[in-house]
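For the single chain, residues carry numbers from 1 onward in sequence order.
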Amino acid sequence: MNETRAAAEPAPPALRKTTYRPGYERVAEQILQLIAELRLQAGDRMPTEHELSARLGASRTVVREAIKTLSATGRVRAQKGRGLYVADGEGMLGSAGWSGFFQPTDLDHVYMLFEFRRVQEMTASRLAATRATPVELRTIEAAAETCRHGHLTGEAPLFDRGDEDFHLGIAAASHNQFLLAAVREIRRLQHQSSTIGLHGTVGGHAAEAIEEHAAIYEAIRDGDPEAAAQAAAVHLDNTLEDYRREIQRRVFG
């Protein structure tokens, strides 16, 4: 009887097997997290090795090895005598390849770009509606207000800055670094198209864009993923229509 009970009792839990990871790999991840938390962009200067060591509680030797790993994967650039910088992200999404492919004055490319951006920003808005923190919501709201102020005062650079901060703010609130990098890159290519192909004149539906921004923000704030995605789709569709009208005006007068 006792033997039967002993056999039925579960065996002591086995020691969990853990995969060994060198310290520099863990520190490399922490450095990437720090870059995201500090909202550093490509070309921005990073904390020094000494500062990273103190901040992450790791030795200078381990931090140095982590930096070597990040440099090899195209995420960090170390400049002798100048310090550490966030790399341009080509290692993540191959942005150089996109730039080489994209022709800013090719209408088919422009339309495909808008199509891709529509998918991106619908997804970013949908995710942001369930993931945005209070701080991120305030950032998005402030960007929308900057955009509105730029329109009302006729300050195009202010409008553009607010628009950029608004869309990147939503992408950041998706908490998906790949999506954020993709949105940033596509907006850079679209800016090329507007500047080179249309000399930066696109923006005829600025007043409508202000209201569309508000609709997107409110849906994200209210935690309604589908409404946020739909509002983003409407905004992108209207932006593309504005672009098409400007093309027709230039071609046909």
Side-chain angles (χ1 to χ4, degrees), residues 26-58 63 66-67 69-71 73-79 82-96 98-99 117 120-150 157-192 213 216-217 220-221 223 228 232 235:
R26 293 194 297 272
V27 171
E29 282 188 357
Q30 291 173 337
I31 291 173
L32 291 178
Q33 290 172 357
L34 181 62
I35 289 172
E37 289 170 4
L38 296 177
R39 296 184 180 274
L40 298 179
Q41 307 296 325
D44 286 350
R45 188 166 187 168
M46 294 171 49
T48 64
E49 279 187 7
H50 177 73
E51 291 169 338
L52 288 171
S53 176
R55 190 160 189 162
L56 302 177
V63 169
I67 292 298
T69 299
L70 294 174
S71 296
T73 56
R75 309 300 296 276
V76 170
R77 187 173 72 254
Q79 295 187 7
R82 297 186 59 192
L84 303 173
Y85 294 82
V86 180
D88 57 13
E90 292 181 12
M92 180 187 288
L93 290 172
S95 60
W98 288 9
S99 296
R117 186 182 164 199
Q120 287 179 334
E121 301 218 16
M122 285 183 69
T123 301
S125 297
R126 183 180 287 113
L127 292 175
T130 62
R131 299 177 179 179
T133 65
V135 171
E136 288 167 338
L137 285 173
R138 288 195 294 271
T139 297
I140 296 168
E141 183 181 26
E145 186 55 36
T146 297
C147 215
R148 179 186 297 276
H149 184 67
L158 187 62
F159 176 92
D160 292 341
R161 192 180 78 214
D163 185 64
E164 183 80 0
D165 290 346
F166 179 79
H167 290 282
L168 291 182
I170 292 173
S174 76
H175 293 197
N176 184 312
Q177 291 299 311
F178 292 97
L179 187 54
L180 172 58
V183 168
R184 181 182 292 117
E185 176 62 11
I186 288 303
R187 288 186 62 81
R188 185 180 70 81
L189 295 180
Q190 185 177 321
H191 179 69
Q192 283 184 11
H213 283 175
I216 297 170
Y217 165 71
I220 292 174
R221 179 200 61 196
H235 178 50

Working note: Glu141 + Leu137, criterion side chain to side chain contact (heavy atoms under 4.5 Å, CB included); need CA distance, chi angles, decisive distance, verdict. CA-CA 6 Å; Glu141 183 181 26; Leu137 285 173; over 6 Å; no
Roughly how far, to the nearest 0.5 Å, is the [atom2] atom of [Y] from the [atom1] atom of [X]?
X      : Y      : atom1 : atom2 : answer
Arg39  : Thr139 : CZ    : OG1   : 5.5 Å
Arg161 : Asp165 : CZ    : CG    : 7.0 Å
Asn176 : Leu180 : CG    : CG    : 8.5 Å
His175 : Thr133 : NE2   : OG1   : 5.5 Å
Arg77  : Tyr85  : CZ    : OH    : 8.0 Å
Glu29  : Leu70  : CD    : CG    : 10.0 Å

As a quick check of understanding, evaluate side chain to side chain contact (heavy atoms under 4.5 Å, CB included) for Val183 and Ile170, giving each step before the final call. CA-CA 10 Å; Val183 168; Ile170 292 173; over 6 Å; no
Ignoring hydrogens, what is the shortest heavy-atom contact between [X] and [Y]? Give both atom names and the distance.
X      : Y      : answer
Ala171 : Ala124 : CA-CB, 4.1 Å
Leu179 : Gln120 : CD1-O, 4.0 Å
Gln41  : Val86  : O-CB, 3.4 Å
Ser125 : Ile220 : O-CG1, 3.9 Å
Cys147 : Asp163 : SG-N, 3.6 Å
Ala42  : Ala87  : CB-O, 3.4 Å

Among residues at least two apart in sequence or on other chains, which ones pass side chain to side chain contact (heavy atoms under 4.5 Å, CB included) with Thr130?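 In terms of side chain to side chain contact (heavy atoms under 4.5 Å, CB included), with neighbours along the sequence ignored, Thr130 is linked to Pro225.
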According to the interplanar angle, ranging from 0 to 90°, do the rings of His235 and His213 count as parallel (below 30°), tilted (30 to 60°) or perpendicular (above 60°)?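 His235 and His213: perpendicular rings.
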Can you check side chain to side chain contact (heavy atoms under 4.5 Å, CB included) on Arg26 and Leu56, steps first, answer last? CA-CA 10 Å; Arg26 293 194 297 272; Leu56 302 177; over 6 Å; no
Check whether Ser174 reaches the backbone of Ala128 with its side chain - one donor and one acceptor, N or O, closer than 3.5 Å.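 Between the backbone of Ala128 and the side chain of Ser174 there is no qualifying donor-acceptor contact (under 3.5 Å).
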For the backbone of Ile31 and the side chain of Arg55, can you confirm whether one donor and one acceptor N or O come within less than 3.5 Å of each other?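 Checked: no pair found.
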Residue pairs fulfilling salt bridge (Lys or Arg N to Asp or Glu O under 4.0 Å) with at least one residue in residues 126-140, sequence neighbours excluded: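 Listed once each, the pairs are Arg126-Glu226.
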With the threshold set at 4.0 Å, does a side-chain nitrogen-carboxylate oxygen contact exist between Arg117 and Glu121?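 Salt bridge flag = yes for Glu121 with Arg117.
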Would Thr146 and Leu158 count as a side chain to side chain contact (heavy atoms under 4.5 Å, CB included) if you check the C-alpha gap in whole Å, the side-chain angles of each, and the deciding distance to 0.1 Å? CA-CA 7 Å; Thr146 297; Leu158 187 62; 3.6 Å; yes
Tell me, do Leu38 and Asp44 make a side-chain contact under 4.5 Å, heavy atoms counted?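 When only atoms from C-beta onward are counted, Asp44 and Leu38 do not touch, as no gap falls below 4.5 Å.
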